[in-house]
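Okay, structure first, notes after.
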Amino acid sequence: MDLTQIHRQELYNAMQILENPGIAAKITNFVGTPIEKGIAMLPESWNDKIGEVTQNALLKAANAAVFTMSDRPNEAPSNWWHKIGVAVTGGVGGFFGLGALVIELPVSTTIMLRSIADIARAEGESINDPETKLACLEVFALGGKSKNDNATESGYFVVRTALAKSVAEAAEFIASRTLAEEGSPALIRFIVKIAERFSIQVTEKMAAQTIPAIGAAGGILVNTIFIDHFQDMAKGHFTIRRLEKLYGKEQIKMAYEEMMKIGLGY
């Protein structure tokens, strides 16, 4: 079955979102200073620290009561309320500096995960479905380039392929258990894979907040850009999942990659 014109447009819009520049470019456009300068100012020990904090933040977010919202598919998401929540935590983090990351990031990540789940619900997903919950966590791996990425391939489907095995294992485990039940090696492996990419974007966020004169106001701005970025990724991701249910994964992937080759036209 061929895609309708409306669905082709939706797929094209999703592709444009998912393959756009990552969080560093978006922050630089607003802050006006290359993120590389901020990264150079971070203490060397913080590279490992951010990776550890990122994993803990994702685990805490998965453990939080973030998926207790009522399962009402197709209801419009409350994007602005979630942006306000993350902006407030960003202001606190910006005021107290790097040391606040351990406290600020789990809170921000939990709010963002709830926002992502809200968008998933708006796209017709059942947020009580274990696969939907994992797909929400997947969003944190999207929209940021890893040094291992192949520039000639679609970043979005490369990430999904890389996570596929971990997603399947985690889905099998949580089918009869809670999302973040302690002692789940499958979920831990999945979180670690997500954190590998999410930590890159967290590093870029912290680098921006490290730049002199950014402070609390800058923390609010950076966190607003941060959640806006992941809300965009969620919109693109769950649009594609909705279309895959209508046309099949292979057809949507082929159409997506064809659009990628053509570029601005389709």
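In this chain, numbering begins with 1 at the start of the sequence shown. The figures that follow rest on heavy atoms only: side chains count, while hydrogens, waters and symmetry mates do not.
With rounding to the nearest 0.5 Å, the separation of CZ in Phe190 from CG in Leu137 is 5.5 Å. Atoms CE and CG, on Met233 and Asp228 in that order, are 9.5 Å from each other to the nearest 0.5 Å. Between atom CD of residue Glu169 and atom CG of residue Leu134 there is a gap of 11.5 Å, rounded to the nearest 0.5 Å. With rounding to the nearest 0.5 angstrom, the NZ atom of Lys205 is 6.5 Å from the CG atom of Leu105. Atom CD1 of Ile227 and atom CG of Asp232 lie 11.0 Å apart (nearest 0.5 Å). Taking CD1 of Ile200 as the reference point, atom CD1 of Ile50 lies at 11.5 Å (rounded to 0.5 Å).
Asn20 places a side-chain N or O within donor-acceptor distance of the main-chain N or O of Gln16, the cut-off being under 3.5 Å. Side-chain atoms of Ser115 do not come within 3.5 Å of backbone N or O of Ile111 as any donor-acceptor pair. In this structure, Thr109 contributes its side chain and Leu58 its backbone to no donor-acceptor pair below 3.5 Å.
Closest of all the heavy-atom pairs between Lys133 and Ile127 is CE-O, 3.1 Å. Across all their heavy atoms, Leu18 and Leu142 have their closest contact at CD2-CD1, 4.3 Å. In terms of heavy-atom proximity, Thr132 sits nearest to Ala120 at CG2-CB, 4.2 Å. Contact detail for Ala141 and Arg197: the closest heavy-atom pair is O-NE, 2.9 Å. Closest approach of Glu19 and Gly155 over heavy atoms only: OE1-N, 3.3 Å. Heavy atoms only, all atoms of each residue included: Ala195 and Gln55 are closest at CB-CG, 3.4 Å.
A heavy-atom distance below 4.5 Å is found between the side chains of Ile240 and Arg160. Here the side chains of Met259 and Arg8 are in contact, with some heavy-atom distance below 4.5 Å. Side-chain atoms of Thr239 and Asn13, non-hydrogen and from C-beta on, never get closer than 4.5 Å to each other. Side-chain contact check for Gln231 versus Ile119: some heavy-atom pair is nearer than 4.5 Å. For the pair Glu10/Leu3, no side-chain contact is recorded, criterion being any heavy-atom separation below 4.5 Å from C-beta on. Using a 4.5 Å cut-off on side-chain heavy atoms (C-beta onward), Phe226 and Gln201 make contact. A 4.5 Å side-chain heavy-atom check between Leu113 and Cys136 finds at least one atom pair inside the cut-off. His229 has its side chain out of reach of Met112: every pair of non-hydrogen atoms, C-beta onward, lies at least 4.5 Å apart.
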Open item on the list: Quick one, Arg114 with Thr110, criterion side chain to side chain contact (heavy atoms under 4.5 Å, CB included). Give me CA distance, side-chain angles, the key distance, then yes/no.
Closed with: CA-CA 6 Å; Arg114 184 177 177 86; Thr110 298; 5.8 Å; no

- [ ] Show your working on side chain to side chain contact (heavy atoms under 4.5 Å, CB included) between Phe230 and Ile23 and close with a plain yes or no.
- [x] CA-CA 9 Å; Phe230 286 110; Ile23 192 70; 5.7 Å; no

Task: Test log, rule salt bridge (Lys or Arg N to Asp or Glu O under 4.0 Å), inputs Arg241 and Glu125 - done: CA-CA 9 Å; Arg241 280 175 58 88; Glu125 299 262 358; 2.8 Å; yes

- [ ] Go through the steps for Glu244 and Lys253 under the test side chain to side chain contact (heavy atoms under 4.5 Å, CB included), then give the verdict.
- [x] CA-CA 9 Å; Glu244 286 176 341; Lys253 182 179 179 182; 5.9 Å; no

TODO: Step by step, work out the salt bridge (Lys or Arg N to Asp or Glu O under 4.0 Å) result for Arg121 and Asp118.
DONE: CA-CA 5 Å; Arg121 181 177 64 181; Asp118 206 13; 2.7 Å; yes

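Following chains of ILVMFWY side-chain contacts shorter than 4.5 Å, one can reach Ile252 starting from Met1, so the two form part of one hydrophobic cluster. Transitive grouping of hydrophobic side chains (ILVMFWY, heavy atoms separated by less than 4.5 Å) keeps Met254 and Val159 in distinct clusters.
Other residues, nucleotides and ligands contribute more than 12 heavy atoms inside 6.0 Å of the NZ atom of Lys245. Around the NZ atom of Lys26, the shell of radius 6.0 Å holds more than 12 heavy atoms that belong to other residues, nucleotides or ligands.
A perpendicular orientation is assigned to the rings of Tyr247 and His7, their planes being inclined by more than 60° (bins at 30° and 60°). Ring geometry, Tyr256 versus Tyr156: the interplanar angle falls from 30° to 60°, so the pair is classed tilted.
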